[in-house]
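Have a look at the structure below, then the notes.
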Amino acid sequence: MLEVENLHVALPDRGNKRVFGRPPLIEILKGIDLRVSAGETVGLVGESGSGKSTLARALLRLYPLSAGSIRFEGRDITNLDEHELRPLRARMQIVFQDSQSALNPRLTIGTALAEPFVSYGRASDSREALKLAAGLLEHVGLSASMAARYPHQLSGGQRQRVGIARAIALNPALVVADEIVSGLDVSVQAQVLDLLRRLRAETGMALVLISHDLSVVRALCERVVIMQHGVIVEAGPSETVFNSPQHPYTRKLLRAIPLPEVDPAWIDSVDIDEVAT
Ligand SMILES: Nc1ncnc2c1ncn2[C@@H]1O[C@H](COP(=O)(O)OP(=O)(O)OP(=O)(O)O)[C@@H](O)[C@H]1O
Ligand SMILES: [Mg+2]
């Protein structure tokens with residue numbers, strides 16, 4: 001479904017602003033190879049600054065590539081322009097950690113969720129789009145009455161549900177979730193992750209889950225990819241990587257973040273309707 005080969009991304013060096021001319025580029029991703037199968041959940045792990053978020057955006061062609069190729073659903077999207085990418089954008093979505101800033105503060109939740117239905121021609125008029133938006137809210141465990149609220153009137157967990165709702169609105173084949181539960185209470189984290197797991201099972205979408213929390217990755221992901229300094233140092237089935245890490249960096253990472261004894265029923269124990277109101 002997604003095939004990335006030798007991906008290189010260089011961005012202007014933020015720490016080197018110049019009065020004249022452009023800042024020099026620094027290479028952030030240095031030859032990434034990655035495959036994601038349809039319906040698969042892949043965890044992306046690595047220390048801060050290793051390039052996870054850059055990779056997340058590059059996968060969806062939100063950053064220019066300096067080398068390499070990306071195939072998505074059988075199509076080479078490496079060099080497509082924004083106009084050509086547009087129909088594919090519905091199929092590849094990203095959810096960010098900071099849902100507060102991802103949502104327009106002046107739009108109600110309902111209007112924000114209705115927008116993709118209108119702009120992608122999935123609803124004949126705004127009334128129908130609002131109706132679809134209300135259905136979407138219920139689908140992610142929120143009450144349809146949330147549609148009338150503004151982003152700041154929601155809790156962090158509710159906003160992440162809205163972010164997820166927006167991401168799944170157009171039936172994506174791939175959702176990238178970048179640290180979407182960081183900063184939430186542990187019980188709310190479990191609810192949001194349980195929602196993701198349920199949606200994945202229902203829709204068959206593939207999920208790339210970026211998280212610094214290894215117990216989350218272990219609980220949710222079939223496969224895990226470890227990044228360091230812009231390259232992948234280790235990848236494999238979660239059980240294999242967690243039980244017998246091969247690369248010294250993976251071992252260090254596993255030591256640095258002591259894994260709590262994860263009760264596999266941890267996420268299941270959450271009542272998803274708890275936050276509906
Ligand atoms: N727009 C940008 N311009 C220049 N450098 C950037 C830009 N975005 C990220 N970087 C740099 O690229 C490197 C990778 O950043 P990235 O945000 O991808 O890391 P990350 O693995 O997501 O880290 P974190 O776990 O803290 O979210 C960092 O050194 C960062 O400073
Ligand atoms: Mg990041």
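Quick caveat: nothing in here was measured; it's all calculated off a predicted structure. Both counts, for ligands and for their atoms, begin at 1 and track the order of listing. Sequential numbering from 1 along the given sequence is applied to the chain's residues.
Leu65 and Val208 end up in the same hydrophobic cluster when Ile, Leu, Val, Met, Phe, Trp and Tyr side chains are linked at under 4.5 Å. With hydrophobic clusters built from ILVMFWY side chains whose heavy atoms lie under 4.5 angstrom apart, Leu62 shares a cluster with Leu88.
When Ser53, Ala58, Ser48 are ranked by how near their heavy atoms come to atom 17 (O) of ligand 1, first place goes to Ser53.
Closest protein heavy atom to atom 31 (O) of ligand 1: Arg14 NH2, 3.2 Å. Gly51 N, 3.3 Å is the protein heavy atom nearest to atom 19 (O) of ligand 1. Scanning the protein heavy atoms around atom 29 (O) of ligand 1, the nearest turns out to be Gly49 O, 4.0 Å. Among protein heavy atoms, atom 3 (N) of ligand 1 sits closest to Pro12 O, 3.2 Å. Among protein heavy atoms, the minimum distance from atom 12 (O) of ligand 1 is reached at Ile28 CD1, 2.9 Å. Ranking the protein heavy atoms by distance from atom 25 (O) of ligand 1 puts Lys52 NZ, 2.8 Å first.
Considering backbone and side-chain atoms together, Gly46 places no N or O closer than 3.5 Å to any N or O of ligand 1.
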Please lay out, stage by stage, how Leu136 and Leu142 fare under the test side-chain contact (heavy atoms from CB on, under 4.5 Å).
CA-CA 9 Å; Leu136 209 47; Leu142 295 169; over 6 Å; no
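Taking 4.0 Å as the cut-off between side-chain N and carboxylate O, Arg200 and Glu222 count as a salt-bridged pair. With respect to Arg89 and Glu82, a salt bridge is recorded, a charged nitrogen being found less than 4.0 Å from a carboxylate O. A salt bridge links Glu202 with Arg198; the closest basic N to acidic carboxylate O contact falls under 4.0 Å.
By the criterion of a heavy-atom distance under 4.0 Å, the backbone of Glu47, and not its side chain, is placed next to ligand 1. No part of Ala56 comes within 4.0 Å of ligand 1, judged by heavy-atom distances. In Leu11, the part holding a heavy atom less than 4.0 Å from any atom of ligand 1 is the side chain.
Using a cut-off of 2.8 Å, one finds that Thr54 contributes no N/O/S atom close to the Mg ion (ligand 2).
The aromatic rings of Tyr249 and His247 sit perpendicular to each other, their planes meeting at more than 60°, with 30° as the lower class boundary.
Minimum interatomic distance between Phe72 and Ala173 (heavy atoms only, all atoms of both residues): CZ-CB, 4.2 Å.
The ligand atoms of ligand 1 that sit less than 4.0 angstrom from a heavy atom of Thr54 are 14 (C), 15 (O), 16 (P), 18 (O).
At least one side-chain heavy atom of Val95 sits under 4.5 Å from a side-chain heavy atom of Val175.
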